[in-house]
Every structure is written in C-alpha cells, then in structure tokens.
*Asks:* 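Provided herewith is a single structure, encoded as structure tokens, for subsequent inquiry.
By convention in this document, chain letters (A, B, ...) are assigned in the order of the sequence lines, proteins followed by strands, and residues within each chain are numbered from 1.
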Amino acid sequence: MKRTHSATEMNTGLIGQEVVLNGWVNTRRDHGGLIFIDLRDRSGLVQVVFSPEVDTDAFHLAEQVRSEYVVAVCGAVRERPEGTENPNLVTGKVEVYARELLVLNRAKTPPFYIEDGIEVDEVLRLKYRYLDLRRPEMKHNIMMRHRVVQKMRSYLDERGFLEIETPILTNSTPEGARDYLVPSRIHPGQFYALPQSPQTFKQILMVAGMEKYFQIARCFRDEDLRADRQPEFTQLDMEMSFVDEEDIFTLVEQMIAEIFQAAGQQEMALPFPRLTYEEAMAKYGSDKPDLRFDLPIVDLTEVLRDVEFKVFASAIAAGGVVRAINAKGCASFTRREIDDLGRMAVDNGAKGMAWIIVGDDELRSPITKFLTQEQIDGLLASLDAKPGDLLLFGADSAPVVARVLGFLRLELARRLDLVKPGQLKFCWVLDFPLLEYDEEEKRYVAVHHMFTAPRQEDIPLLDENPGLVKARAYDMVLNGTEIGGGSIRIYQREVQEKMFSTIGMSSEESQERFGYMLEAFDYGTPPHGGIAFGIDRLIMIMAERQSIRDVIAFPKTQSAACPMTGAPSDVKAKQLRELSIKIREK
RNA sequence: GGAGCCGUGGUGUAGCGGUUAACAUGCCGGCCUGUCACGCCGGAGAUCGAGGGUUCAAAUCCCUUCGGCUUCGCCA
C-alpha cells in the first residue's frame with residue numbers, strides 16, 4: 001500500500017483512476033451506513049468514502065478508526081455527487097471510494113485539536129510540538145520558512161556567493177550579549193562560547209580571499225526572552241569584499257523582493273526609502289520606525305523658542321526640545337483617555353504630557369494660557385492642526401522626547417487601528433552614531449559593534465569627540481521591526497586598534513582577544529562589508545504571526561526551557577567531574 | 001532584577017465564602033447511506049497549579065511557591 005499520490009493531488013483529472021493514499025485521519029463522520037474520513041497528509045485534505053457496497057471489510061475497519069490514526073487507503077477517485085461538493089477544500093470536487101483500508105498505526109486522542117486557530121496553553125503545544133506542527137497554519141509557517149531559505153541560497157549562489165560554515169565552539173567575546181558557555185574537558189577550567197554571530201570568522205574569510213560568503217547561521221545569546229527573541233536564532237549572514245554600501249543595498253533589496261515574491265506576496269517598489277538615524281529618531285521617535293502609518297513627530301523648538309510656559313522653557317533652556325504629535329481626529333478622546341496616555345508618557349520617562357484639543361472654534365488645553373497667539377498659530381500651522389485634532393506634546397532632552405513620543409505614536413496607531421493587515425513598509429536606517437557614552441561603564445561603547453567602520457572623514461573625531469563619529473552601518477527595517485543590519489568594516493590594523501582603544505580596551509586585552517584578527521589585517525585584507533538578516537523575525541512578519549515561536553519548529557519558553565525534551569536538565573556527577581565543574585550551593 | 005495578566009474535567013471557559021462545581025467541545029456507547037463544525041439519544045470524566053493560613057465552611061479571602069504569557073531592564 002505505497003502511496004501513489006498526495007491528498008491534494010486528487011482532482012477531476014484523476015476521476016476513474018485507482019489511487020493509494022497514506023496519511024492521518026483528520027476527522028471521521030460515521031453515518032451508520034456510510035462513513036466519511038478526511039484524510040490528511042502534508043499537502044492537505046481529501047475526503048475518503050467508505051461504503052459497504054464497495055467493500056464491507058474496509059467499511060467495518062473504518063468504523064474502528066479514530067482521529068490521527070495513520071492509514072493507507074486504496075480506492076478509485078470519483079466525482080462527488082451533484083450538490084455534495086465542498087468549496088472549502090481544494091479537493092472538494094472529488095472523493096476517493098475506499099476499496100481497501102490498512103491501519104498503519106493507531107493513535108491516542110490528541111490533547112488539543114489538530115486545526116487552525118486553537119486557543120491552547122502554549123506549553124501544551126510545545127510539549128506535543130509534533131501534534132502542533134500537524135496543524136495547517138504551523139505546517140504552512142515551516143514550509144514558508146523552507147521556501148524562503150531555499151530562495152536565499154539560490155539567489156546568493158547565482159551571484160557567486162559561497163556557503164561556508166563557521167565554528168559553533170568558539171571564543172567568548174567581550175561586549176555584546178551574555179555568552180552561552182561550553183566547558184572544555186580537555187582544558188579544565190576553560191570554556192568555549194557559542195557564537196553570538198559569526199562576525200569575526202566572516203571577516204577572516206574575506207582576508208582568506210573568499211570574496212563573497214554567506215551562511216544560514218545559528219546564533220546564541222543568553223539574554224531574557226521576548227515574543228521576538230529566542231536564545232538561539234537563525235541569521236542569513238553575508239559578507240563581501242570590495243563593496244560599498246550601495247552594492248549591499250542593491251543586492252539585498254532585490255533578494256528581499258524575490259523572497260517575498262516566492263512566498264506569494266505582491267511585488268514591491270525598489271529601492272527602499274532611506275532615513276538617517278537622526279531623522280528616524282526625530283520624526284518617528286525610533287531607530288526602527290513603523291512606516292505603515294504617518295503620525296509624524298513635529299519639532300516645535302524654534303516656534304516656541306521664547307515661550308514663557310515653564311515646562312517648555314526649561315526644556316529648551318537645557319538644550320532640549322519641544323515636539324508634538326497631531327493625533328488626527330482624536331479631539332473626542334475623553335479626559336480619562338488623555339490622562340491614560342499621559343501616564344504612559346510618564347512610564348516612558350516623561351515628566352508629564354501637555355495636550356491641546358482643537359475644537360471647532362476654540363482650543364481646550366491646560367497650557368494655551370501660557371502661550372502667545374503667535375506661538376499658538378505657529379504650532380497649529382507646524383502640526384497642520386484642524387478642528388477635531390488632539391495635539392500631544394513632549395518637552396525634555398531629545399532622546400527622552402523621542403522615546404516618549406515614539407511610544408505614543410505606536411500607541412495611537414493601535415488605538416486608531418491604523419495598521420491594515422498585509423502592509424509591508426521597508427526602509428533603511430543609515431548614519432548611526434559609531435559610539436555612545438555608557439554612563440555606567442564610564443566609557444564609549446560601540447553602537448553596532450567594534451568592527452564597524454567609521455566614516456572616513458570622521459576618523460579624526462575619534463580623538464576629539466567620539467560621540468559625533470558616524471558609522472558606516474545600516475539597518476533594514478520592516479513594519480517597525482529591525483530585520484537586518486550590517487556595516488562596512490574596518491579593514492586596516494591601525495583603525496581597528498584605534499577603535500579598540502576608543503572603547504577603552506587596553507592593547508594587552510585587544511591583543512589577547514583579537515590579536516589573530518589584527519595580525520590577519522597585516523596580510524592583505526580587502527575592504528569588505530556585510531549584513532545579517534534575522535530569519536525568524538522575517539518569517540514571522542511574512543507569516544503575520546505575533547511571535548517567532550510560531551515560525552521555529554522547536555522553540556523555547558520564556559524561561560528558555562523546552563517542554564518537550566525537558567531541557568535544560570541535570571547531568572550526571574561523572575559528566576561534571578570530567579569537566580572539572582562543581583555546582584555551587586545556592 | 002522589576003511590573004502586569006493568567007492557571008477549574010482531555011481542551012477552552014463559567015462560577016469568586018455554603019452549588020450534586022456549570023457550559024461548550026472532545027472522549028466512550030447506541031442509532032443513522034451524502035456528511036464535511038454531520039445529526040440525534042445516553043454515559044464517563046475535574047476536588048479547582050502546589051503548599052500553608054483565615055473561617056463552622058475555601059475553587060472563591062490572605063501568604064508563599066511553581067509554571068506560562070506580555071513587558072521594562074538586558075539583547076554590540
């Protein structure tokens with residue numbers, strides 16, 4: 001009873017033909033004298049009919065069959081009788097009249113329904129992930145993921161990229177996320193680290209003359225989990241020699257377009273719009289702006305330069321900014337709703353939130369009495385305020401205002417339901433600062449990473465004012481999620497050493513950690529750069545899911561555990577001894 | 001490390017000081033030859049995440065704890 005077809009191959013073209021199907025019993029409908037079984041395989045469903053008029057043995061066996069039994073069915077494909085077609089099934093015009101039934105395996109009743117849209121405790125789904133993955137929507141996600149990865153491989157292969165694997169057992173890196181460590185048995189007391197990314201290896205591959213590299217790379221970061229963060233995740237990692245930013249943008253925009261097309265989405269307009277980091281922060285309050293809706297943040301610092309209102313005046317005097325969002329048509333918000341937004345603003349670091357309701361012929365606001373008519377006219381004009389609008393203000397340092405208004409912008413979009421399903425809004429964010437000052441560590445730290453090249457003209461600034469140096473880094477943002485990021489790299493030893501020292505790394509330490517890399521740079525290193533895409537996040541958006549767990553076959557819970565295997569778990573004392581590891585009492 | 005929400009038959013929910021712990025679905029049995037969320041009849045199934053406390057009485061109130069999800073910190 002080897003299968004001859006998959007379920008969804010059943011169509012009117014096969015009418016009259018004998019077929020053998022293998023699969024699972026999705027549902028059984030027993031009418032006493034006639035039994036219907038929806039047979040499911042990876043492709044989908046087809047209805048199988050058991051009638052005593054066709055075969056009594058098969059019919060009686062079908063009475064015994066239950067959900068999720070694995071069966072083989074042999075029978076003829078027939079057109080369904082007039083009026084019994086099912087338009088909800090691709091195979092709804094036909095059915096298979098079973099002549100023979102073989103139960104390949106029985107099955108216990110599953111703990112949840114094998115169907116879409118179930119609302120079950122996710123732990124249960126993860127514990128029985130093999131059942132969860134039988135559900136069409138999960139199967140769809142996994143299959144889409146496969147198609148996307150295959151497309152990435154073929155696209156890059158066609159353009160001369162080499163797929164090269166890099167070590168999983170490697171060195172711990174300073175900076176960045178917490179490492180997952182692996183104890184060395186052979187070197188007691190020493191540890192490997194799992195890679196947070198293949199960064200240094202891919203650069204070394206450029207020194208090695210590979211010119212174009214990619215890898216579907218697993219990355220590991222031991223940090224707290226979120227809906228879009230898992231301790232291990234997958235990146236499409238790429239690196240190229242002799243390229244600049246434009247080469248990379250062109251290459252990956254085209255790739256993204258083809259990937260989305262392969263997944264059945266609409267064609268997209270290329271090239272993607274570009275924003276500088278500063279623009280993104282000022283206008284959208286985020287370095288990963290969601291461009292599916294407008295709601296821009298408008299700067300009013302100049303309009304209100306001489307304002308008397310103390311809250312605004314002191315913010316401006318301290319070198320800060322006053323900015324606002326026009327919540328179009330939100331004048332009808334209740335006082336309670338506005339206070340609610342104000343509370344959220346405070347939660348995000350604001351000292352308060354001023355507002356103006358634009359009425360038909362008057363303004364309602366606790367602050368207008370502190371403003372001159374000229375200032376009011378100015379801000380209304382800047383915000384394009386019309387009767388029915390609600391204006392929300394932030395006044396503080398630029399970063400605080402960006403954070404607060406950026407949050408309010410997203411919250412307003414949620415409340416106003418501005419995001420329509422299926423929209424895809426890409427953009428590049430460019431000109432990130434290379435370094436930022438870390439108050440805790442009392443030193444500069446790399447915004448991207450320490451191998452990112454500064455803009456050539458900014459190199460002198462590394463000494464004078466490191467905070468002003470711009471990086472040759474870029475992020476690709478889709479619908480408010482960072483899906484990829486990369487940079488042109490440092491490829492000269494002196495610049496790299498300068499970078500190390502600027503972030504406070506002693507030459508001893510940089511020699512110890514990255515001596516091999518500095519040495520490699522001495523042996524003819526081409527200029528190079530690259531980018532990496534978060535495949536899980538990308539697929540999550542493509543599949544319109546709220547969590548990357550839904551596009552990973554075997555994800556972890558928020559406490560980084562696997563309910564199916566029970567990982568992580570205790571190990572035998574012998575294993576610990578071999579590793580020279582002793583578990584400390586709490 | 002912090003905050004919020006959740007935990008009641010297999011599953012999803014209701015009940016929120018005294019109930020034979022309810023409903024739906026699933027499951028089991030019976031009937032049924034055109035269903036596809038098949039239908040009809042009957043039945044089994046939970047001591048309410050765990051531990052402690054308050055009370056004459058706790059699923060219900062309090063404390064602790066475990067687990068899950070969301071989120072801040074964190075994630076170059």
*Asks:* For A/Glu223 and B/G1, what is the distance between atoms CD and P respectively, to the nearest whole Å?
*Replies:* 14 Å
*Asks:* Just the rounded figure in Å: distance from P of B/G39 to CZ of A/Phe36.
*Replies:* 14 Å
*Asks:* Taking any heavy-atom pair under 4.0 Å as a contact, classify A/Val445: base, sugar-phosphate, or nothing.
*Replies:* nothing
*Asks:* Taking pairing as Watson-Crick or G-U wobble with both contacts under 3.5 Å, can you name the mate of B/C61, or confirm there isn't one?
*Replies:* B/G53
*Asks:* Please confirm whether any donor atom in the side chain of A/Arg80 sits under 3.5 Å from an acceptor in the base of B/U35, or the reverse.
*Replies:*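 Indeed there is one.
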*Asks:* Name the pairing partner of B/G7, where a pair is Watson-Crick or G-U wobble with both distances under 3.5 Å, or state none.
*Replies:* B/C66
*Asks:* When the C1' atoms of B/A24 and B/A37 are compared, how many Å lie between them, rounded to an integer?
*Replies:*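 These two C1' atoms come out 12 Å apart once rounded.
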*Asks:* Between B/A3 and B/G73, how far is it from one P atom to the other, in whole Å?
*Replies:* 16 Å
*Asks:* Nearest-nucleotide wise, let me know which of A/Ser547 and A/Glu175 is further upstream toward the 5' end of RNA chain B.
*Replies:*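 Comparing both residues, the 5'-ward one is A/Ser547.
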*Asks:* Taking for each residue the nucleotide of RNA chain B bearing the nearest heavy atom, is the 5' side occupied by A/Gln199 or by A/Ala561?
*Replies:*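 The residue whose closest nucleotide sits nearer the 5' end is A/Ala561.
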*Asks:* Does A/Arg221 get its side chain close enough to the base of B/C75, under 3.5 Å, for a donor-acceptor pair?
*Replies:*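 Donor-acceptor pair under 3.5 Å: no.
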*Asks:* Pick the C1' atom in B/G7 and in B/U65, then give their distance to the nearest Å.
*Replies:*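 14 Å, rounded to whole Å.
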*Asks:* Which part of the nucleic acid, if any, lies within contact of A/Phe112, taking any heavy atom under 4.0 Å across all strands shown: a base, the sugar-phosphate backbone alone, or nothing?
*Replies:* nothing
*Asks:* Closest approach to the side chain of A/Asn88, judged atom by atom: which nucleotide of B/G34, B/G73, B/A37 is it?
*Replies:*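 For A/Asn88, the side-chain atoms sit closest to B/A37.
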*Asks:* Using the P atom as the point on both nucleotides, what is the distance between B/G26 and B/G12, in whole Å?
*Replies:*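 Straight-line distance between the two P atoms is 15 Å.
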*Asks:* With a 3.5 Å cut-off and heavy atoms only, can you find an N or O donor on one side and an acceptor on the other between the side chain of A/Arg226 and the base of B/C69?
*Replies:*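 There is none.
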*Asks:* Using the P atom as the point on both nucleotides, what is the distance between B/A22 and B/G9, in whole Å?
*Replies:* 13 Å
*Asks:* A/Asp121 near the nucleic acid: base, sugar-phosphate alone, or nothing, with a heavy-atom cut-off under 4.0 Å?
*Replies:*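 A/Asp121: backbone/sugar contact only, no base atoms under 4.0 Å.
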*Asks:* Determine whether a donor-acceptor pair (N or O, by modelled atom type, separation under 3.5 Å) exists between the side chain of A/Glu137 and the backbone of A/Gly117.
*Replies:*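 Present.
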*Asks:* Using a cut-off of 4.0 Å on non-hydrogen atoms, how would the nucleic acid contact of A/Thr84 be classed: base, sugar-phosphate, or nothing?
*Replies:*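 Base contact.
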*Asks:* Quantified in whole Å, what is the P atom distance between nucleotide B/G1 and nucleotide B/A44?
*Replies:* 48 Å
*Asks:* Measure the distance from CG on A/Leu225 to P on B/G67 and round it to the nearest whole Å.
*Replies:* 14 Å
*Asks:* How would you label the contact of A/Glu95 with the nucleic acid (heavy atoms, under 4.0 Å): base, sugar-phosphate, or nothing?
*Replies:* base
*Asks:* So if I take every side-chain heavy atom of A/Ser559 and compare against B/U33, B/G68, B/C72, which nucleotide ends up nearest?
*Replies:*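 Within the option list, the nearest is B/G68.
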*Asks:* Using 30° and 60° as the class boundaries, would you call the ring planes of A/Tyr128 and A/Tyr130 parallel, tilted or perpendicular?
*Replies:* perpendicular
*Asks:* What's A/Glu115 touching, base or sugar-phosphate or nothing? Going by heavy atoms closer than 4.0 Å.
*Replies:*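 Nothing: the residue A/Glu115, judged by heavy atoms under 4.0 Å, touches no strand.
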*Asks:* Just to be sure I understand the rule, does A/Glu85 reach a base, reach only the sugar-phosphate, or reach nothing, if contact means heavy atoms closer than 4.0 Å?
*Replies:*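 Here A/Glu85 touches the bases of the nucleic acid.
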*Asks:* Between A/Arg489 (side chain only) and A/Thr452 (backbone N and O only), is there a donor and an acceptor less than 3.5 Å apart?
*Replies:*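 Flag not set: sc A/Arg489 to bb A/Thr452 has no pair under 3.5 Å.
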*Asks:* Hunt down the Watson-Crick or G-U wobble partner of B/C23, both distances under 3.5 Å, from any strand shown, or write none.
*Replies:* B/G12
*Asks:* Under a 3.5 Å cut-off for both contacts, is B/U33 paired Watson-Crick or G-U wobble with anything, and if yes, with which nucleotide?
*Replies:*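 The base-pairing partner of B/U33, which may sit in any strand shown, does not exist here.
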*Asks:* Who does B/A44 pair with, Watson-Crick or G-U, both distances under 3.5 Å?
*Replies:*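 Per the H-bond distance test, none.
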*Asks:* Using a 4.0 Å heavy-atom cut-off to protein, can you give one letter per nucleotide of nucleotides 24-32 of chain B, 5' to 3': B if the base is in contact, S if only the sugar-phosphate is, - if neither?
*Replies:* -BSSSS--B
*Asks:* Using the C1' atoms only, state how far B/C61 lies from B/C56, rounded to an integer number of Å.
*Replies:* 16 Å
*Asks:* Once you round it to whole Å, what is the distance between P of B/C75 and CD1 of A/Ile548?
*Replies:*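 The distance from CD1 of A/Ile548 to P of B/C75 comes to 17 Å, rounded to the nearest Å.
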*Asks:* Suppose we call a contact any N or O donor and acceptor under 3.5 Å apart; does that hold for the side chain of A/Gln47 and the base of B/U35?
*Replies:*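 Flag set: donor-acceptor pair detected.
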*Asks:* Can you figure out which of B/C69, B/C38, B/G34 approaches the side chain of A/Arg29 most closely?
*Replies:*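 So the side chain of A/Arg29 is nearest to B/C38.
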*Asks:* Using a heavy-atom cut-off of 4.0 Å across all strands, would you classify A/Arg125 as base, sugar-phosphate, or nothing?
*Replies:*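 The residue A/Arg125 makes no contact with any strand.
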*Asks:* Distance check, rounded to the nearest 0.5 Å: A/Arg229 atom CZ versus A/Glu223 atom CD?
*Replies:* 7.0 Å
*Asks:* Rounded to whole angstrom, note down the P distance from B/U25 over to B/C40.
*Replies:* 9 Å
*Asks:* With sequence neighbours left out, which residue pairs that include part of residues 467-496 of chain A fulfil the ring pair (Phe, Tyr, Trp, His ring centres under 6.0 Å) condition?
*Replies:* A/Phe249-A/Tyr474
*Asks:* A/Leu45 near the nucleic acid: base, sugar-phosphate alone, or nothing, with a heavy-atom cut-off under 4.0 Å?
*Replies:*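 Here A/Leu45 touches no strand at all.
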*Asks:* Under 4.0 angstrom, heavy atoms only, what part of the nucleic acid is A/Pro111 near: base, sugar-phosphate, or nothing?
*Replies:* sugar-phosphate
*Asks:* Rounded to the Å, how far apart are A/Arg178 CZ and B/G73 P?
*Replies:* 15 Å
*Asks:* Could you check how far NZ of A/Lys556 sits from P of B/C69, rounded to whole Å?
*Replies:* 13 Å
